[in-house]
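Keep in mind the model is a prediction, meaning the values are calculated, not measured. Both backbone and side-chain heavy atoms feed into the values below; hydrogens, waters and symmetry mates do not.
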Amino acid sequence: MKSRHIMLQTSRPEAWADFVAQLHAHGCTVGMAESFEQCKEAAQREHPVLAVLDPPSGELARSWVTALMMIDAGMHTAVVTDMPAEVFHDEMEGLGILTSLPLKPTAQDAQKMFELLRGVMGNWG
Amino acid sequence: MSKTILAIPSELPGGMDAGMGMHFGHCAIYTIVEMENGAVSAQSTLASIPHQQGGCMAPVQYLAEHGVTALLAGGMGMRPLMGFNQMHIDVFFAGNYPTVGQAVEAFCQGKLNRFSTEQTCGGGSH
């Protein structure tokens, strides 16, 4: 069975409780990383199926996703942003980001993300 | 004896006379060209596969599973390019050749450069 390990990088873990609980409900394990450096180290060590990034600014999002891609292009990514969806899509062109997430991610956002992940993972379950 | 299996994103119906499919992720079909010792030994076509937003590694995995060792492309996003690199599949830029046959000929003559990250293009679904 393919991994259900997800890496969550955020400096505000309290905002993610419902989101993480929803992923747990789907049998996912969720590793937490406060900084992006910790996230990269975990990505190399743990090979998560997806990394969820909560960058402090939109400018960092592209470079962070690119850095993870250099480690493992097969690792999916989701990114927190306050950009409108169309702007985000244009800004992140070519990076193959699974989805954007709002600043206050809910259980419903986790559910949507999980469904998207399942859609690109073939017989993942 | 060295063997290379080339995949070339193509317009329908594929084959040497077909136009290049200028974007890897959205081509109609792949032309597959087998080369041994620098000469074409066989050719065929391979259906492309659909993929959704964020699933741009699906066609990379698909071509790897079909034994492809090199790709001639006119355009692709950064993620699939990194994916090919990490799977040790060589990617060459052939976007300035109108047909598959001309791109393959240029490859045989060593005229194609490796596809660089600067040449990658947009599209979150790529």
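Under the 4.5 Å side-chain heavy-atom criterion for grouping Ile, Leu, Val, Met, Phe, Trp and Tyr, M70(A) is not connected to M7(A) through any hydrophobic cluster. Note on I29(B): it does not cluster hydrophobically with I8(B), by side-chain heavy-atom contacts below 4.5 Å among ILVMFWY residues. In this structure, F24(B) is a member of the same hydrophobic cluster as L46(B), with clusters built from ILVMFWY side-chain heavy atoms closer than 4.5 Å. Residue F92(B) is not grouped with residue V60(B) when hydrophobic side chains (ILVMFWY) are merged at heavy-atom distances under 4.5 angstrom, including chains of intermediate members.
Contact of I71(A) with chain B is made through the backbone alone, with heavy-atom distances under 4.5 Å. Interface remark: L117(A) contributes no atoms to any contact with chain B (heavy atom separation under 4.5 Å).
When the options M57(B), M82(B), Q86(B) are evaluated for a side chain to side chain contact (heavy atoms under 4.5 Å, CB included) with D72(A), the one that passes is Q86(B).
Rounding to the nearest 0.5 Å gives a distance of 11.5 Å between CG of N85(B) and CE of M69(A). For the atom pair OG1 of T66(A) and CE of M78(B), the computed distance is 5.0 Å after rounding to the nearest 0.5 Å.
Other residues, nucleotides and ligands contribute over 12 non-hydrogen atoms within 6.0 Å of the CD atom of Q109(B). Under a cut-off of 6.0 angstrom, the local environment of CG in D17(B) is sparse, with at most 12 non-hydrogen atoms contributed by other residues, nucleotides or ligands.
The two residues M75(A) and R79(B) have their closest heavy-atom pair at O-NH1, 2.9 Å.
A distance-only check finds no donor-acceptor pair linking the side chain of Q61(B) to the backbone of G74(A) [under 3.5 Å].
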